[in-house]
Amino acid sequence: MLKNYLKIAFRNLLRHKAFSFINIAGLAIGMACSILILLWVQDELSFDRFHPSADRTYRLTASLAELNINAAVSSAPVAEAFRNEVPEIESTVRISAYKSDLMQVEDRMFEETRILYADSNFLQFFNFPLIAGNPETALHHPEGILITESMAKKYFGNEDAMGKVIRRNHKDDFTVMGVLADIPQNSHLKFDFLQPMAFLTRTERDLRDNIWDNFNFYTYLQLSETFVATPEALKALADDFQKNLQSKRA
């Protein structure tokens with residue numbers, strides 16, 4: 001019976017070649033598009049999910065209502081203020097904007113554009129594993145630097161990069177304190193070099209003097225496990241902090 005059905009279907013396909021081609025091609029294109037869309041959605045939803053506390057990690061945004069502007073930037077002292085004023089916040093970390101510098105090891109010299117500065121607890125806040133080095137202390141030395149595995153091969157070949165020196169802009173020397181596994185593609189943070197915020201504090205007035213009015217950093221918050229992050233609860237948390245902040249700055 002099934003064999004007869006197949007024969008009849010095949011004969012109909014041959015009898016109406018153009019119609020059959022249009023239908024089969026349309027079905028194939030539709031299936032291909034559906035699969036591609038599914039893969040794209042799956043990739044989008046996987047972003048940053050490899051961090052253990054991804055479900056309770058948030059990036060702070062700033063709003064300027066009169067200009068209808070929302071941006072994921074914040075001032076230097078806001079992270080500490082949040083940590084001190086909001087009990088529901090377990091941890092915070094600040095990250096600089098991307099920097100571009102000339103990096104050099106002996107005669108190997110490259111203009112690098114994916115350089116970040118971060119607070120010393122960055123590796124405890126996010127899950128970017130080290131291949132070499134101690135994650136607890138890797139960002140504690142102002143003249144230290146972390147590089148990815150790809151950068152270690154680029155600058156040092158097959159040599160052990162730990163303890164080696166990288167010169168920045170022909171003047172500043174940094175010691176490699178750790179080698180990071182290459183950053184996953186499904187991470188919104190993509191960097192090749194990571195340096196301590198403590199070094200940037202030497203030259204950045206925003207950090208040194210705790211300037212509130214300049215929005216030059218990215219601030220991430222990690223809420224406690226007991227906090228139920230409903231939209232209403234998050235809005236109430238933000239409103240409470242805003243009131244405390246205004247009273248302190250008044």
Side-chain angles (χ1 to χ4, degrees), residues 44-99 114-128 135 139-140 146 183-184 186-191 193-201 203-250:
E44 289 294 303
L45 293 176
S46 74
F47 262 67
D48 300 313
R49 303 311 299 178
F50 55 87
H51 299 298
S53 302
D55 60 336
R56 52 193 181 94
T57 299
Y58 295 82
R59 185 169 63 177
L60 190 65
T61 62
S63 299
L64 191 59
E66 56 268 27
L67 295 179
N68 196 26
I69 292 175
N70 276 296
V73 290
S74 57
S75 57
V78 74
E80 184 179 2
F82 252 115
R83 205 166 54 246
N84 293 337
E85 298 294 335
V86 183
E88 293 85 357
I89 291 176
E90 191 174 273
S91 181
T92 62
V93 69
R94 296 171 303 176
I95 301 170
S96 71
Y98 286 99
K99 308 288 185 181
R114 303 206 309 179
I115 303 168
L116 288 178
Y117 289 82
D119 285 328
S120 60
N121 65 328
F122 179 87
L123 295 178
Q124 288 75 52
F125 193 99
F126 293 111
N127 182 33
F128 293 110
L139 285 169
H140 285 201
L146 305 185
I183 309 304
N186 60 344
S187 171
H188 83 285
L189 289 172
K190 294 182 173 67
F191 55 93
F193 298 83
L194 188 64
Q195 297 185 245
M197 194 72 78
F199 183 85
L200 198 61
T201 303
T203 56
E204 284 280 345
R205 180 171 167 267
D206 288 2
L207 292 165
R208 192 174 60 249
D209 298 336
N210 282 329
I211 304 298
W212 282 94
D213 298 329
N214 292 335
F215 293 76
N216 296 321
F217 298 90
Y218 303 104
T219 300
Y220 294 81
L221 315 172
Q222 204 167 90
L223 300 176
S224 67
E225 294 182 15
T226 58
F227 183 80
V228 181
T230 63
E232 295 77 13
L234 290 170
K235 185 179 184 307
L237 185 148
D239 290 343
D240 287 344
F241 174 74
Q242 189 68 23
K243 289 176 185 176
N244 289 335
L245 181 61
Q246 289 174 350
S247 64
K248 283 183 174 294
R249 298 181 66 186

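Throughout, residue positions are numbered sequentially from 1 according to the sequence presented. Predicted model, so just to flag it, every value in this text is computed and none were measured.
Dense packing is recorded around CD of E44, with more than 12 heavy atoms of other residues, nucleotides or ligands lying under 6.0 Å away.
The closest donor-acceptor contact from the side chain of N121 to the backbone of T92 lies under 3.5 Å. Side chain of N214 to main chain of D206: no donor-acceptor pair is present (N/O by atom type, distance under 3.5 Å, no hydrogens or angles). Q124 places a side-chain N or O within 3.5 Å of a backbone atom of P135 that can act as its donor or acceptor partner. Y220 contributes no side-chain N or O that, together with a main-chain N or O of F122, makes up a donor-acceptor pair within less than 3.5 Å. R94 contributes no side-chain N or O that, together with a main-chain N or O of D119, makes up a donor-acceptor pair within less than 3.5 Å. D48 places no side-chain N or O within 3.5 Å of a backbone atom of A54 that could act as its donor or acceptor partner. Side-chain atoms of T230 come within 3.5 Å of backbone atoms of A233 as a donor-acceptor pair (strictly under, hydrogens ignored).
Considering L116, N216, L207 as possible partners of S96, the one that fulfils the side-chain contact (heavy atoms from CB on, under 4.5 Å) test is L116. Of the residues listed (Y98, F128, Y117), the one engaging F191 in a ring-ring contact (aromatic ring centres under 6.0 Å, His included) is F128, and it is the only one. Partner of R56 under the side-chain hydrogen bond (donor to acceptor under 3.5 Å, both in side chains) criterion, out of E88, E90, H51: E90 alone.
Summarising the geometry, atom CG belonging to L189 is positioned 10.5 Å from atom CZ belonging to R114; distances are rounded to the nearest 0.5 Å. Atom CG of L139 is separated from atom CZ of F199 by 14.0 Å, given to the nearest 0.5 angstrom. One distance of note links CZ of F227 with CG of L237; it measures 5.0 Å at 0.5 Å rounding. With values rounded to the nearest 0.5 angstrom, I211 atom CD1 is found 3.5 Å from R205 atom CZ. Note that the CD atom of E204 and the CZ atom of F217 stand 5.0 Å from one another [nearest 0.5 Å]. The line from NZ of K235 to CD of E232 is 10.0 Å long, rounded to the nearest 0.5 Å.
In this structure, L221 and T57 have side chains that are not in contact, with every pair of non-hydrogen atoms separated by 4.5 Å or more.
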Practice prompt. Walk me through it: do K99 and Q195 pass the test side-chain contact (heavy atoms from CB on, under 4.5 Å)?
Written response: CA-CA 11 Å; K99 308 288 185 181; Q195 297 185 245; over 6 Å; no
Worksheet entry | side-chain contact (heavy atoms from CB on, under 4.5 Å) between M197 and I95, worked out | CA-CA 8 Å; M197 194 72 78; I95 301 170; 5.6 Å; no
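When every heavy atom of P184 is checked against every heavy atom of K190, the shortest pair comes out as O-CE, 4.4 Å. A pairwise comparison of heavy atoms in S75 and W212 identifies CB-O, 3.2 Å as the closest pair.
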